[in-house]
Structure formats: structure tokens, C-alpha cells
Trainee: 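Please read through the structure below; I'll follow up with questions.
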Amino acid sequence: MKELLKLVRCELWKYKRNKVIPLLTMLAVLFPLALVIMTRSRIDGAQDCRALYNYYDYVFGSNIVYSFMLFLPCLIGSVGAVLFFAERDNDTFKNIRSIPITCGQLVLVKLAVLYLWAVFYAMLTTVSVTVFCAAVNYRAVYDFPFKLMVSILAGIMIVSFSLPAVVMVIYFNQNYVLSILLAFSYSILNWFFLILFAGHEMIVKFLPLITGLFWVSFILDYRKKALFGDYVSPVHMSDHLRVFVSLVIIFTLSVTLILRFYKKWSR
């Protein structure tokens, strides 16, 4: 276990000097800024606390939908390409084989770094939303610690349900530009089917990224209604079971395929 933690630190240190990942992470700040600028007119002259809270919830929810559902899968594929192609591009596979580490451990470490990056992205974008909303009207901000925890959950779930994009990136084993396009196509396909089948709930709720945000949406809705004394509508246990089973299947298959493809072209 200690050896794996050391490898995680090594990966983090190595990619700290990478110019691509910090640039991608900056989107966590830029998108909330643009979102607040475009929507600040919604609370012009508002004095009621509930109206201000609704604005903060609106910006936070919009950031979850677009920044997490649209941008984050693309960024995960891009960061995954940087993580998994580093040894190929630098021709360091021979050096890695000289140390006692299996291919499975290396893949596990890279996935751990990918999850850590997503958690950092989620925290940064939530802090950005809060700071920019506070700049418009500081009274709009409420329940920040809870929203921060929910955003971390959203980041973890979106990474898990975006692992098929990482599978495609590793399988095709192309340059960074094509890898970004592959990851972007995965996100766009989810949005395309969401729009195409918007009136068919039974189809929409099985889309990977929609499934990934189900618990996030449920928790946010429950928390807000509980805080303000509104009626909380029950959710069937079958929906929670569907999300859990989907998570286990996608994660297991994706990790298995990543390990298989990575072993194949790293020889």
C-alpha cells in the first residue's frame, strides 16, 4: 500500500510540471465566471433571501449540468490521454519494467490520479461559483459546505461514468488531438440522446452521464426542500439500485478493458 501511495505522489509530481492539465483545470474557474456574468441580471433588485438563495442554487445547478456533464467528460479523456500516454511518448516503458511494479498497479495509480484531479476540479469550480455569486450579492450564498461535498460526489460519479471515454482513448492509441475529440464525442453523444429522447424518461434515465448525476440531483433536491420545509417526494429504491448496478458494471468493464489495452500496447 505504501508503494502505491509513493507512485501516486510520483505521478502527481510528474504531471504538476505538465502544461496541459493546469490549462484544462482553469476551465473550472472560467466557466463559473461566464455563467455568473450571463445570469447576474436574474437578481437585480432582489432583496428576498429566498430569491437570492434560488439564484445561488440556479448557478450551482447550471454549473453541475454543463461544467460536469459537458466539459468534465472531455477533460477526463484529455487528462487520461496525458496520464496513459506519458510512458509511450517518452519511451520510458523499459525503465518502468526495471522496478517491481505490475501493469495493473500502474493502471490503478493512474486512475487514482484521475479521480484526484476530478475531485480537485469539482472543489475548484464550486469555490469559484460561490466566490462569484458572493461578489454579485454575498447574501445569496448559503449551505456552502454541503454543496462542496455534493460537488465532490458529482466529480467522482462523472469520472466513473466517463471511464468508457478513457477506454476509447487507450484503445485507439492516437495523438492528443484525436484523444480529445474521442472524449468530446462521448459527451456529445450523451447530450444528443438526451435531446433526442427528452420525452422518453425510460430511455433518458439510462444514459451514463444522466445516471451519474442521479444521486447528486436527488441529494440536492432533498436538502433544499428539507431546509425550507417543503414536501420531499419519495424516490423508489429501484432507482437507487439502478444507479448502483450501472456504476459497478461500467467501472468494472472499463477498468478491465483499460488494463487489457494498456498491457497490449505497452509491451
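Positions are given from 1 along the sequence.
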Trainee: Determine the minimum heavy-atom distance between Tyr186 and Met168, stating which atoms define it.
Mentor: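 What the structure gives for the nearest pair is CB-CE, 3.8 Å.
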Trainee: Would you mind writing out the side-chain donor-acceptor pairs for residues 121-133 within the sub-3.5 Å range, not counting sequence neighbours?
Mentor:
unit_1 : atom_1 : unit_2 : atom_2 : d
Tyr121 : OH     : Ser67  : OG     : 2.8
Thr125 : OG1    : Ala28  : O      : 3.1
Thr125 : OG1    : Asn63  : OD1    : 3.4
Thr125 : OG1    : Asn63  : ND2    : 3.1
Thr126 : OG1    : Ala122 : O      : 2.8
Thr126 : OG1    : Ser151 : OG     : 2.9
Ser128 : OG     : Leu124 : O      : 2.8
Thr130 : OG1    : Tyr56  : OH     : 2.8
Thr130 : OG1    : Thr126 : O      : 2.9

Trainee: In chain order, what residues pass the ring-ring contact (aromatic ring centres under 6.0 Å, His included) check against Phe31, with sequence neighbours excluded?
Mentor: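 ring-ring contact (aromatic ring centres under 6.0 Å, His included) list for Phe31, sorted by chain: Phe71.
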Trainee: Rounded at 0.5 Å granularity, tell me how far CD1 in Ile64 sits from CG in Leu220.
Mentor: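 Ile64 CD1 to Leu220 CG: 6.5 Å, rounded to 0.5 Å.
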Trainee: Is there a chain of hydrophobic side chains (I, L, V, M, F, W, Y, each step under 4.5 Å between heavy atoms) that links Ile37 to Val65?
Mentor: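 The answer is yes; both residues are in one hydrophobic cluster.
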Trainee: Under the side chain to side chain contact (heavy atoms under 4.5 Å, CB included) criterion, do Leu148 and Phe144 qualify, and how do the steps go?
Mentor: CA-CA 6 Å; Leu148 185 63; Phe144 169 70; 4.2 Å; yes
Trainee: Not counting sequence neighbours, which residues clear side chain to side chain contact (heavy atoms under 4.5 Å, CB included) with Leu189? List them please.
Mentor: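 With sequence neighbours excluded, Leu189 shows a side chain to side chain contact (heavy atoms under 4.5 Å, CB included) to Phe193, given in chain and number order.
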Trainee: Apply the test side chain to side chain contact (heavy atoms under 4.5 Å, CB included) to residues Leu111 and Ile258: give CA-CA distance (whole Å), side-chain angles for both, the deciding distance (0.1 Å), then the verdict.
Mentor: CA-CA 10 Å; Leu111 288 176; Ile258 289 172; 4.2 Å; yes
Trainee: Would you call Arg260 and Thr256 a side-chain contact if the rule is heavy atoms closer than 4.5 Å?
Mentor: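 They are not in contact (no side-chain heavy atoms under 4.5 Å apart), so the answer is no.
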Trainee: Return the minimal non-hydrogen interatomic distance between Gly80 and Leu114, and the atom names on each side.
Mentor: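 Gly80 and Leu114 have their closest heavy atoms at N-CD1, 4.1 Å.
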Trainee: Return a table of donor-acceptor pairs under 3.5 angstrom between the side chains of residues 206-215 and protein atoms on other chains or two or more places apart.
Mentor:
unit_1 : atom_1 : unit_2 : atom_2 : d
Thr211 : OG1    : Lys205 : O      : 2.9
Thr211 : OG1    : Leu207 : O      : 2.9
Trp215 : NE1    : His240 : ND1    : 3.0

Trainee: On a heavy-atom basis, which atom in Ala183 and which in Cys74 lie closest, and how many Å separate them?
Mentor: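 Distance-wise, the nearest heavy atoms are CB-O, 3.7 Å.
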Trainee: Check Ala51 against Ile43 and note the closest heavy-atom contact, atom names and distance.
Mentor: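 Smallest heavy-atom distance, with atoms named: O-CG2, 4.3 Å.
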Trainee: Can you name the side chain to side chain contact (heavy atoms under 4.5 Å, CB included) partners of Ile188, sequence neighbours left out?
Mentor: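 Ile188 satisfies side chain to side chain contact (heavy atoms under 4.5 Å, CB included) with Leu70, Phe184 once adjacent residues are dropped.
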Trainee: Without placing hydrogens or testing angles, list every side-chain donor-acceptor pair under 3.5 Å for residues 244-252, not counting sequence neighbours.
Mentor:
unit_1 : atom_1 : unit_2 : atom_2 : d
Ser246 : OG     : Arg242 : O      : 2.7
Thr252 : OG1    : Val248 : O      : 2.7

Trainee: Check for me, please, whether Ile76 and Leu30 land in the same ILVMFWY cluster - side-chain distances under 4.5 Å, paths through other members count.
Mentor: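 No, separate clusters.
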Trainee: So do the side chains of Leu257 and Tyr171 get within less than 4.5 Å of each other, counting heavy atoms only?
Mentor: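 No, too far: nothing below the 4.5 Å cut-off.
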Trainee: Taking the side chain as every heavy atom from C-beta outward, state whether Leu33 and Val29 have any atom pair closer than 4.5 Å.
Mentor: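 The answer is no, as the side chains (C-beta and beyond) never meet within the 4.5 Å cut-off.
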Trainee: What pairs with Tyr115 under side-chain hydrogen bond (donor to acceptor under 3.5 Å, both in side chains), at least two apart in sequence or on another chain?
Mentor: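 Once residues adjacent in sequence are excluded, the partners of Tyr115 under the side-chain hydrogen bond (donor to acceptor under 3.5 Å, both in side chains) criterion are Ser160.
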Trainee: Could you report the tightest heavy-atom contact between Val167 and Ser254, atom names first, then the distance?
Mentor: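 Nearest heavy atoms, Val167 then Ser254: CG2-O, 3.6 Å.
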Trainee: If you group Ile, Leu, Val, Met, Phe, Trp and Tyr by side-chain heavy-atom gaps below 4.5 Å, do Val59 and Tyr142 land in one group?
Mentor: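 Per the 4.5 Å side-chain linkage, Val59 and Tyr142 are co-clustered.
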Trainee: Once ring-ring contact (aromatic ring centres under 6.0 Å, His included) is applied, do any residues pair with Tyr66, and if so which ones, sequence neighbours excluded?
Mentor: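 For Tyr66, the residues satisfying ring-ring contact (aromatic ring centres under 6.0 Å, His included) (neighbours in sequence not counted) are Trp191.
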Trainee: According to side-chain hydrogen bond (donor to acceptor under 3.5 Å, both in side chains), who are the partners of Tyr55, at least two apart in sequence or on a separate chain?
Mentor: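 Partners of Tyr55 by the side-chain hydrogen bond (donor to acceptor under 3.5 Å, both in side chains) criterion, ordered by chain and then number, come out as Thr39.
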Trainee: Using 0.5 Å steps for rounding, measure from the OG atom of Ser78 to the CG atom of Leu181.
Mentor: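 Interatomic distance, Ser78 OG to Leu181 CG, rounded to 0.5 Å: 9.0 Å.
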Trainee: Return the set of residues passing side-chain hydrogen bond (donor to acceptor under 3.5 Å, both in side chains) with Lys224 (not counting sequence neighbours), or none when no residue passes.
Mentor: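 Here the qualifying residues are Asn54, Asp57.
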Trainee: How long is the straight-line distance from CE of Met157 back to CD1 of Ile152, given to the nearest 0.5 Å?
Mentor: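 Here the rounded value is 14.5 Å.
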Trainee: Say you draw a straight line from CD1 of Ile158 to CG of Leu75; how long is it, rounded to the nearest 0.5 Å?
Mentor: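 Spacing of CD1 (Ile158) from CG (Leu75) equals 12.0 Å.
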Trainee: Could you tell me which residues satisfy salt bridge (Lys or Arg N to Asp or Glu O under 4.0 Å) with Arg223, sequence neighbours excluded, listed by chain and number?
Mentor: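 Arg223 satisfies salt bridge (Lys or Arg N to Asp or Glu O under 4.0 Å) with Asp143 once adjacent residues are dropped.
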Trainee: List in chain and number order the residues that pass side-chain hydrogen bond (donor to acceptor under 3.5 Å, both in side chains) with Arg40, two or more places apart in sequence or in another chain; answer none if no residue qualifies.
Mentor: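 Per chain and number, Arg40 pairs via side-chain hydrogen bond (donor to acceptor under 3.5 Å, both in side chains) with no residue.
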Trainee: Measuring only between side-chain heavy atoms, which start at C-beta, is Arg139 closer than 4.5 Å to Cys49?
Mentor: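 Result yes, sub-4.5 Å side-chain heavy-atom pair found.
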Trainee: With a 4.5 Å limit on heavy-atom distance, are the side chains of Leu52 and Asp48 in contact?
Mentor: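 No - every pair of side-chain heavy atoms lies 4.5 Å or more apart.
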Trainee: Distance-only, no hydrogens or angles: does the Ser187 side chain make a donor-acceptor pair with backbone N or O of Met69 under 3.5 Å?
Mentor: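 Side chain of Ser187 to backbone of Met69, a donor-acceptor pair under 3.5 Å: yes, one is there.
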